[in-house]
Amino acid sequence: MKIYKRENDLVLDIPIEQINIIDTLDCGQCFRFTKTSNNTMTGIAHGRVLSLTQTKNEIVFHDTSQDDFNDIWVNYLDLHTDYNPLKTLLSSDDTLKKALEYAGGIRIVRQDSFEALLSFIISQNNNIPRIKNSINKLCKKFGKNIIDDVYAFPSVDDLHNLSKEDFSDIGLGYRDDYIIDCVNKIKNGELNLENIKNMDIEDARITLRTIKGIGPKVAECALLFGFYRIEAFPIDTWIKKALKYYYPNGFPVQFQDYAGIAQQYIFHYIRTCKDAVPEELKSGKSKNK
DNA sequence: CCCCAGGGTAGGG
DNA sequence: CCCTACCATGGG
């Protein structure tokens, strides 16, 4: 992994098999990036704009300083982790082998805890385009302006002391109450996200689920995507279908310490690869049984 | 009109 | 423990 300067950009020498930025930033784990050309992703994270252009052997970080790269983006994109041993282990399973051939360049992005927590509260019984839309409106209305029409994800303080009416034009539906409850619990000290980072995962699950609207699935997503607990295993409607079709006898126990990463490969595979599962299963009623 | 989406809750068996 | 109705909203 070599990094060098090219005018205002930083160029990272890294093969696309090691990290595919489009698959990574557009696989339903984070919601603030969009594809701005056929090989460019642009979005906002940690209060900054990030625009990445990828070719076979390099990623261009547009208008990025060496300090921001070192202090923010290496960690955000999980670049210090070697995924090869894990991918070799997961390849012993036929389904994961196919999922890795389809999109093995996915990494688990290290998102801000509060942003991930709120994002996955919004995600419940919702679809990804609508989640992205609501989050963008939330940022535009309550987040701090970064530049032009770009806004940071709102902080706890940005969102506290708001009423349901304040959220009425965000399109959250009934989920506004959940956000209000979450922000209140953080503000009054009932919930401390920094403490959750150091908790045993079972305690973290129980603590997160004290927030209204957070059940098993959202708690697992928050832990996986907001706290980098890669053993967390969110089961949504897609993973339910995958478990039923591929793993009727249960998910392989030898993967349990990294089940969250495996889950993400499968999620992306089954959701976007049209011949991953039979059509009748994809369009079938997922709520039955 | 229907069903579905990175579900959870309350309430009743 | 299980099951079910219901919860807003927009896309297909």
Side-chain angles (χ1 to χ4, degrees), chain A residues 23-34 99 103 106-109 111 113 115-138 141 163-182 185 205-247 251 259-274 276-289:
Chain A
D23 290 341
T24 296
L25 298 171
D26 193 24
C27 68
Q29 60 170 323
C30 57
F31 302 99
R32 298 214 69 201
F33 280 82
T34 50
I106 292 175
R107 283 170 184 249
I108 301 298
V109 162
Q111 301 182 57
S113 301
E115 174 171 344
L117 184 56
L118 254 62
S119 296
F120 283 94
I121 287 175
I122 293 170
S123 79
Q124 75 121 317
N125 200 25
N126 209 341
N127 60 58
I128 291 176
R130 278 200 73 239
I131 297 164
K132 283 188 165 184
N133 200 267
S134 287
I135 290 175
N136 275 335
K137 287 182 186 168
L138 189 75
K141 184 160 182 181
S163 63
K164 283 169 77 79
E165 294 76 62
D166 294 314
F167 293 103
S168 59
D169 52 349
I170 308 289
L172 297 174
Y174 55 87
R175 304 172 192 84
D176 50 5
D177 283 330
Y178 304 159
I179 289 181
I180 290 170
D181 185 59
C182 177
K185 282 191 163 69
R205 287 182 171 114
I206 291 165
T207 305
L208 287 170
R209 288 179 61 174
T210 61
I211 301 165
K212 199 183 298 177
I214 296 193
K217 194 272 177 182
V218 173
E220 293 303 288
C221 281
L223 287 168
L224 175 58
F225 301 122
F227 296 88
Y228 202 73
R229 298 292 180 95
I230 58 175
E231 71 270 44
F233 190 78
I235 301 176
D236 76 314
T237 55
W238 293 100
I239 295 297
K240 241 174 237 170
K241 292 173 195 171
L243 289 175
K244 198 162 152 190
Y245 184 67
Y246 291 116
Y247 305 101
F251 196 67
I261 301 181
Q263 173 273 157
Q264 193 59 25
Y265 291 132
I266 294 171
F267 174 81
H268 183 66
Y269 176 56
I270 190 174
R271 199 175 78 88
T272 62
C273 179
K274 45 187 180 305
V277 294
E279 203 53 41
E280 62 265 23
L281 181 59
K282 284 183 94 166
S283 56
K285 293 184 172 107
S286 57
K287 304 214 169 174
N288 284 356
K289 262 178 75 174

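No hydrogens, no waters, no symmetry mates; every other heavy atom, side chains included, goes into these values. Numbers restart at 1 for each chain; the letters A, B, ... are given by sequence-line order, proteins then strands.
Not less than 6.0 angstrom separates the ring centroid of A:Y178 from the ring centroid of A:F120.
Across C:dA8, B:dG6, C:dG10, the shortest atom-to-atom separation from the side chain of A:R130 is found for C:dG10. The side chain of A:N127 lies closest to B:dA5, out of B:dG7, B:dA5, C:dA8. Looking at the side chain of A:F120, the nearest of the listed nucleotides C:dG10, B:dG7, B:dG6 is B:dG6. Of all nucleotides listed (B:dG7, C:dT9, B:dG6), B:dG7 comes nearest to the side chain of A:Q124. Of the listed nucleotides (B:dG6, C:dA8, B:dG8), B:dG8 has the atom at the smallest distance from the side chain of A:V218. Closest to the A:N125 side chain, of the nucleotides B:dA5, C:dT9, B:dG6, is B:dA5.
C:dC6 and B:dG6: their P atoms are spaced 24 Å apart (whole Å). Atom P of C:dC2 sits at a distance of 22 Å from the matching atom of B:dA5, rounded to the whole Å.
In this structure, A:K241 reaches the B:dA5 phosphate: one of its side-chain N or O atoms is under 4.0 Å from OP1 or OP2.
In this structure C:dG12 sits in a base pair with B:dC2, meeting the Watson-Crick or G-U test at under 3.5 Å.
Between the side chain of A:Y174 and the base of B:dG7, at least one donor-acceptor pair of N or O atoms lies under 3.5 Å. Side chain A:E220 to base B:dG6: no donor-acceptor pair is found below 3.5 Å.
The residue A:F225 sits close to a base: some heavy atom pair falls under 4.0 Å.
Each of A:R209 and A:I235 was assigned the nucleotide of DNA chain B with the nearest heavy atom; the assignment lying further toward the 5' end belongs to A:I235.
At a cut-off of 3.5 Å, with distance as the only test, no side-chain donor of A:S123 or A:N126 sits close to an acceptor on the other residue.
With its ring centre under 5.5 Å from that of the base six-membered ring and a plane angle below 30°, A:F267 counts as stacked on B:dG6.
Within 6.0 Å of NZ on A:K212 lie no more than 12 heavy atoms contributed by other residues, nucleotides or ligands.
A:D26 has its CG atom 12 Å from the P atom of B:dG6, to the nearest Å.
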